[in-house]
Undergrad: 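One structure, as structure tokens, below. Some questions next.
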Amino acid sequence: MTLVCEAMNRAPATVEADATAARALGVVETTGAAHLLVMDHDDLIGILCACDLRAAGPEEQVSERMSVPVITIRPDATLEDAAITLCDCGVGCLPVVVGGLVLGTLGEEELAAAGVQGRLPHRRCHPRAHGLEPVGPHLAHHH
């Protein structure tokens, strides 16, 4: 069984909560990232899908568009658990976190590279983009 830590992206794209949507879009364009981790110093405080930026005004702050709470996964979880979490929660990216430290991210691209793609049912980009309620804090840390 492959673990999250073996397949995760170890260099996730980040942006500050007070950054403008224009700056965040620049990070997306520069890095090619589909998701940005929103950080306050070393603390993960939100996540932003590139689709969140399409409707944002250029001067709008990232904090107004980010999704919270952030659904995370531990590095010692299996890729199958990660795939289930992505599907069940309707998100496209899981920050990999242990003890408050962000180690990377795991999304559909990493799962596909590890051969898990065929097991993922089609999902929506993420809940906020489609008018669904965000997932509650009881799912903030998936084991």
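As a basis for the values below, the full set of heavy atoms in this structure was taken, side chains included, without hydrogen atoms, waters or symmetry mates. None of the values given here were measured: they were computed from a predicted structure.
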Undergrad: Can you confirm whether Leu111 sits close enough to Leu86 that some side-chain heavy atom of one is under 4.5 Å from a side-chain heavy atom of the other?
TA: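 SC-SC contact between Leu111 and Leu86 confirmed.
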Undergrad: To the nearest 0.5 angstrom, please state how far the CG atom of Leu94 sits from the NE2 atom of His35.
TA: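 Answer for the CG-NE2 pair, Leu94 versus His35, is 9.5 Å.
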Undergrad: So, taking the atom named SG in Cys51 and the one named CZ in Arg65, what distance separates them when rounded to the nearest 0.5 Å?
TA: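 Cys51 SG to Arg65 CZ: 10.0 Å, rounded to 0.5 Å.
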Undergrad: Using side-chain heavy atoms (C-beta onward) and a distance below 4.5 Å, is Val98 in contact with Leu103?
TA: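 Val98 vs Leu103: side chains touch.
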Undergrad: Assess whether side chain to side chain contact (heavy atoms under 4.5 Å, CB included) is satisfied between Leu53 and Val28, documenting all intermediate values.
TA: CA-CA 10 Å; Leu53 298 171; Val28 167; 3.9 Å; yes
Undergrad: Considering all heavy atoms of both residues, which atom of Val116 and which atom of Ala83 are nearest to each other, and what is their separation?
TA: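 For Val116 versus Ala83, the nearest heavy atoms are CG1-CB, 3.9 Å.
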Undergrad: Flag yes if Leu25 and Val27 sit in one hydrophobic cluster, no otherwise; membership is Ile, Leu, Val, Met, Phe, Trp, Tyr, and two members link when side-chain heavy atoms are under 4.5 Å apart.
TA: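 Both belong to a single hydrophobic cluster.
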Undergrad: Could you measure the distance from the CG atom of Leu36 to the CD atom of Glu16? Nearest 0.5 Å is fine.
TA: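 Rounded to the nearest 0.5 Å, the CG-CD separation comes out at 10.5 Å.
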Undergrad: Taking all atoms of both residues into account, what is the closest heavy-atom pair of Ala50 and Ala33, and its distance?
TA: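 What the structure gives for the nearest pair is CB-O, 4.4 Å.
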Undergrad: Can you confirm whether Val4 sits close enough to Thr78 that some side-chain heavy atom of one is under 4.5 Å from a side-chain heavy atom of the other?
TA: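 A side-chain contact under 4.5 Å is absent here.
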Undergrad: Measure the CE-CG distance between Met1 and Asp81 for me, rounded to the nearest 0.5 Å.
TA: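 Going from CE on Met1 over to CG on Asp81, the span is 8.0 Å.
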Undergrad: Would you call Met66 and Ile45 a side-chain contact if the rule is heavy atoms closer than 4.5 Å?
TA: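 Counting from C-beta outward, Met66 and Ile45 do come under 4.5 Å.
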Undergrad: Measuring only between side-chain heavy atoms, which start at C-beta, is Val97 closer than 4.5 Å to Ile73?
TA: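 Val97 vs Ile73: side chains apart.
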Undergrad: Look at the side-chain heavy atoms of Ile, Leu, Val, Met, Phe, Trp and Tyr, link any pair under 4.5 Å apart, and say whether Leu101 and Leu3 land in one connected group.
TA: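 No, it is not one cluster - the side chains of Leu101 and Leu3 are not joined through contacts under 4.5 Å.
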Undergrad: So do Val96 and Thr105 actually touch side chain to side chain, heavy atoms under 4.5 Å?
TA: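 Answer no - side chains too far apart.
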Undergrad: Could you check if a side-chain atom of Met39 sits within less than 4.5 angstrom of a side-chain atom of Val102, using non-hydrogen atoms only?
TA: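 Yes; the side chains approach each other to less than 4.5 Å.
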Undergrad: If you define the side chain from C-beta out and look only at heavy atoms, does anything of Pro95 sit under 4.5 Å from Ile47?
TA: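 Yes. Closest side-chain heavy atoms under 4.5 Å.
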Undergrad: First locate atom CG of Leu48, then atom CG of Leu37, and finally report the distance between them rounded to the nearest 0.5 Å.
TA: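 Those atoms lie 10.0 Å apart.
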Undergrad: Does Asp42 CG have over 12 foreign heavy atoms under 6.0 Å away?
TA: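 Atom CG in Asp42 is not crowded, with 12 or fewer foreign heavy atoms closer than 6.0 Å.
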Undergrad: For Cys5, does its backbone N or O pair with a side-chain atom of Arg10 as donor and acceptor, under 3.5 Å?
TA: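 Confirmed, Arg10 side chain pairs with Cys5 backbone.
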Undergrad: Side chain of Asp52, backbone of Cys49: donor and acceptor closer than 3.5 Å?
TA: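 Side chain of Asp52 to backbone of Cys49, a donor-acceptor pair under 3.5 Å: yes, one is there.
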